[in-house]
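What follows is a set of notes on a single structure, which appears directly below.
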Amino acid sequence: MPNGYRRIADGRYREIVGLGYHELPEGMVIEHRPGRTVTETDNVLMTTLGGNDAPIHTDARYSSLTEWGRPLVCSSITLHLVGGMTVRSTSGLTLANLGFEEIRFTHPVFVGDTLYAQTEITGRRLSRSRPDTGIVTCRTTGHNQHGADVVIFTRSFFVPVDADAARDATNY
């Protein structure tokens, strides 16, 4: 059977989305692919949806007169894109996000940059209030095409202890 798939019948496989508690050991590092190139549409649409009309993100003339010389991609967009890259492998089966902590934006992001992500599982424990659930904590670093880190954050989320039971129950 190919890695990353579950056998569901003879000659039939389903892609695995998300990992369960026992599949996310502390110290595990995941490099997330594919990368994601930030577009002008991403910046305009997501900045507008968020109501952030700061000229550093939306006004090319204004931005051209700053130290950056062009519009910066809004930091919440960077967090959203990098965080989203991690979901398929880390928290695709999550029952809930519990929190984002220690979010740091360490390098500017511009339209045309390609972002990549890497996640290290930094801790995990069984939930005291939900016996079929574990709590996983991870540290994710997003970097651009030049290898410069652009965002670093810690996130915690619920995952099922028995991932296969969750997959069977939800047709995943």
Indicate if [X] and [Y] have the same hydrophobic cluster label, given that clusters are the connected sets of ILVMFWY residues with side-chain heavy-atom separations under 4.5 angstrom.
X	Y	answer
Leu79	Ile77	yes
Met85	Val38	yes
Val109	Phe105	yes
Phe158	Leu126	no
Phe157	Leu95	no

Locate the shortest heavy-atom distance separating [X] from [Y]; write the atom from each residue and the value.
X	Y	answer
Thr122	Glu26	O-OE2, 3.2 Å
Ser63	Pro55	OG-O, 3.2 Å
Met28	Leu19	CE-CD1, 4.2 Å
Ala117	Val82	CB-CG1, 3.9 Å
Thr140	Thr119	OG1-OG1, 2.9 Å
Ile30	Ser89	CG2-OG, 3.7 Å

Gap separating the [atom1] atom of [X] from the [atom2] atom of [Y], nearest 0.5 angstrom:
X	Y	atom1	atom2	value
His57	Tyr62	NE2	OH	10.0 Å
Glu120	Arg139	CD	CZ	9.0 Å
Arg125	Tyr21	CZ	OH	9.0 Å
His80	Met46	NE2	CE	4.0 Å

Between the main-chain N or O of [Y] and the side-chain N or O of [X], is there a donor-acceptor pair closer than 3.5 Å?
X	Y	result
Thr39	Asp42	yes
Asn97	Gly99	no
Ser156	Thr137	no
Thr47	Thr58	no
Thr86	Gly83	yes
Ser64	Arg70	no
Glu102	Thr154	no
His107	Ala148	no
Asp53	Thr48	no

#### Entry: Co-members of Leu93 in a cluster of I, L, V, M, F, W and Y side chains, linked at under 4.5 Å
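None, because no other hydrophobic side chain comes under 4.5 Å of this residue.
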#### Entry: Carboxylate-amine/guanidinium proximity below 4.0 Å for Glu101 and Arg155
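Salt bridge: no.
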### Task
Using a cut-off of 6.0 Å, state whether more than 12 heavy atoms not belonging to Tyr172 lie near its atom OH.
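Incorrect, the count does not exceed 12.
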### Task
With side-chain contact (heavy atoms from CB on, under 4.5 Å) as the test, would you mind laying out the steps for Tyr13 and Ile8 before giving the verdict?
CA-CA 6 Å; Tyr13 300 89; Ile8 57 171; 5.9 Å; no
### Task
List the steps, then state whether side-chain contact (heavy atoms from CB on, under 4.5 Å) holds for Val159 with Thr133.
CA-CA 6 Å; Val159 292; Thr133 305; 6.0 Å; no
### Identified side-chain contact (heavy atoms from CB on, under 4.5 Å) counterpart of Asn52 within the set Ser75, Ser76, Cys74
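So, applying the side-chain contact (heavy atoms from CB on, under 4.5 Å) to Asn52 and each of Ser75, Ser76, Cys74, only Cys74 qualifies.
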### Query
Knowing that exactly one of Leu115, Thr141, Val73 qualifies, which makes a side-chain contact (heavy atoms from CB on, under 4.5 Å) with Val150?
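Single side-chain contact (heavy atoms from CB on, under 4.5 Å) partner of Val150 among Leu115, Thr141, Val73: Leu115.
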### Query
Would Asp149 and Arg104 count as a salt bridge (Lys or Arg N to Asp or Glu O under 4.0 Å) if you check the C-alpha gap in whole Å, the side-chain angles of each, and the deciding distance to 0.1 Å?
CA-CA 10 Å; Asp149 292 348; Arg104 291 192 332 253; over 6 Å; no
### Task
Start with the C-alpha distance between Thr90 and Val136, add both sets of side-chain angles, then the distance that settles side-chain contact (heavy atoms from CB on, under 4.5 Å), and finish with yes or no.
CA-CA 9 Å; Thr90 60; Val136 173; over 6 Å; no
### Query
By salt bridge (charged side-chain N to carboxylate O under 4.0 Å, His left out), which residues pair with Asp168, not counting sequence neighbours?
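With sequence neighbours excluded, Asp168 shows a salt bridge (charged side-chain N to carboxylate O under 4.0 Å, His left out) to Arg6, given in chain and number order.
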### Message
The test is salt bridge (Lys or Arg N to Asp or Glu O under 4.0 Å); show your working for Arg167 and Glu23 and say whether it passes.
### Response
CA-CA 13 Å; Arg167 290 176 183 124; Glu23 298 165 316; 3.2 Å; yes
#### Entry: Asp113, Thr37, Thr114 screened by side-chain hydrogen bond (donor to acceptor under 3.5 Å, both in side chains) with Gln145, the one that passes
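Considering Asp113, Thr37, Thr114, a side-chain hydrogen bond (donor to acceptor under 3.5 Å, both in side chains) with Gln145 is found only for Asp113.
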#### Entry: Parallel, tilted or perpendicular: ring planes of Tyr116 versus His143, cut at 30 and 60 degrees
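Correct class here is parallel.
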### Message
Using side-chain contact (heavy atoms from CB on, under 4.5 Å), reason through Asn171 and Arg14 one step at a time and then give a plain yes or no.
### Response
CA-CA 9 Å; Asn171 201 29; Arg14 183 173 295 138; 3.3 Å; yes
